[in-house]
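Down below is the structure, laid out as structure tokens.
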Amino acid sequence: MSETHLANRLFSLKALIAQAAQQASRSPASVRLTAVSKTQPNLPIEAALTCGLRIFGENRVQEAYTRWQARKPCFPDLELRLIGPLQTNKARDAVGLFDAVETLDRPRLARAIADASAHHGRQPELYVQVNIGNEPQKAGVSIQEADTFIENVSREYGLSVAGLMCIPPAADNPGTYFSALAEIAARNGISELSMGMSDDFEVAIAKGATRVRVGSLLFGDRPT
Ligand SMILES: *Cc1c(COP(=O)(O)O)cnc(C)c1O
């Protein structure tokens with residue numbers, strides 16, 4: 001994808017984000033864009049950087065190293081966010097690269113991230129992923145266990161939780177799920193909400209998303 005092409009898509013996307021924010025009586029600046037760069041080759045990544053994008057979402061640790069390790073020193077304001085499941089044995093690598101992990105969803109992972117943070121001397125920004133549709137095949141802490149888990153993450157592991165993240169059921173009306181996540185955040189005093197992707201970011205913004213994660217609408221279809 002050419003720079004112009006990506007620039008045009010980014011321009012349209014930003015306009016849609018701003019419009020959705022204004023319709024919800026929110027400031028456009030209160031919604032940040034995570035450009036989901038997973039599986040993208042070099043050309044679109046370079047185009048995105050040239051267009052000024054700095055916040056990127058990745059779903060695999062090793063793949064993210066390949067894509068970002070050499071680039072990271074050249075972009076001091078780069079912000080890499082892990083939005084895919086994290087295995088405990090990769091926690092150290094993940095904390096070494098990522099500025100944020102949005103998929104914290106179990107005590108063993110909290111322990112591993114706490115250890116890795118001590119090792120690296122810095123804690124990534126952490127979001128708890130909630131399995132908001134209670135889908136058996138999906139990652140995330142259940143709605144029933146969310147409050148207790150959020151509390152334990154700080155009390156038992158000394159980690160601070162900055163936000164919540166969810167991926168609602170595919171074929172359903174996402175609005176009710178986004179509202180449910182916002183409610184969990186509100187009653188736990190959490191202000192950041194990572195929700196909404198290419199197909200539903202406008203609904204997510206209406207329901208309070210502070211970060212939307214957009215891949216295909218920005219980069220085009222992902223190479224497989
Ligand atoms: C791939 C992915 C996205 C981006 O999806 P698009 O539909 O391409 O915008 C967002 N969030 C997560 C967790 C993903 O894995």
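What you see below is based on every heavy atom in this structure, not just the backbone, and it leaves out hydrogens, waters and symmetry mates. Both counts, for ligands and for their atoms, begin at 1 and track the order of listing.
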Check the pair R67, E58 against salt bridge (charged side-chain N to carboxylate O under 4.0 Å, His left out), reporting the backbone distance first and the verdict last. CA-CA 10 Å; R67 188 166 296 115; E58 291 283 346; 2.8 Å; yes
Does ligand 1 have any N/O pairs with the protein under 3.5 Å, and how far apart?
{"unit_1": "ligand 1", "atom_1": "8 (O)", "unit_2": "S216", "atom_2": "N", "d": "2.8"}
{"unit_1": "ligand 1", "atom_1": "8 (O)", "unit_2": "S216", "atom_2": "OG", "d": "2.8"}
{"unit_1": "ligand 1", "atom_1": "8 (O)", "unit_2": "R222", "atom_2": "NH1", "d": "2.8"}
{"unit_1": "ligand 1", "atom_1": "8 (O)", "unit_2": "R222", "atom_2": "NH2", "d": "3.1"}
{"unit_1": "ligand 1", "atom_1": "9 (O)", "unit_2": "S198", "atom_2": "N", "d": "3.0"}
{"unit_1": "ligand 1", "atom_1": "9 (O)", "unit_2": "S198", "atom_2": "OG", "d": "2.5"}
{"unit_1": "ligand 1", "atom_1": "9 (O)", "unit_2": "G215", "atom_2": "N", "d": "2.8"}
{"unit_1": "ligand 1", "atom_1": "11 (N)", "unit_2": "R213", "atom_2": "NE", "d": "2.9"}
{"unit_1": "ligand 1", "atom_1": "15 (O)", "unit_2": "K38", "atom_2": "NZ", "d": "2.7"}

Only pairs at least two apart or in different chains count here, so list each ring-ring contact (aromatic ring centres under 6.0 Å, His included) that has a residue in residues 35-81. F56-W68
Look at the side chain of S30 and the backbone N and O of R26, then say whether any donor-acceptor pair between them is shorter than 3.5 Å. no
Do Q40 and S37 have side-chain N/O donor and acceptor atoms under 3.5 Å apart? no
Salt bridge (charged side-chain N to carboxylate O under 4.0 Å, His left out) against K138, all qualifying residues, sequence neighbours excluded: E135
By side-chain contact (heavy atoms from CB on, under 4.5 Å), which residues pair with D99, not counting sequence neighbours? K72, E79, L80, R122
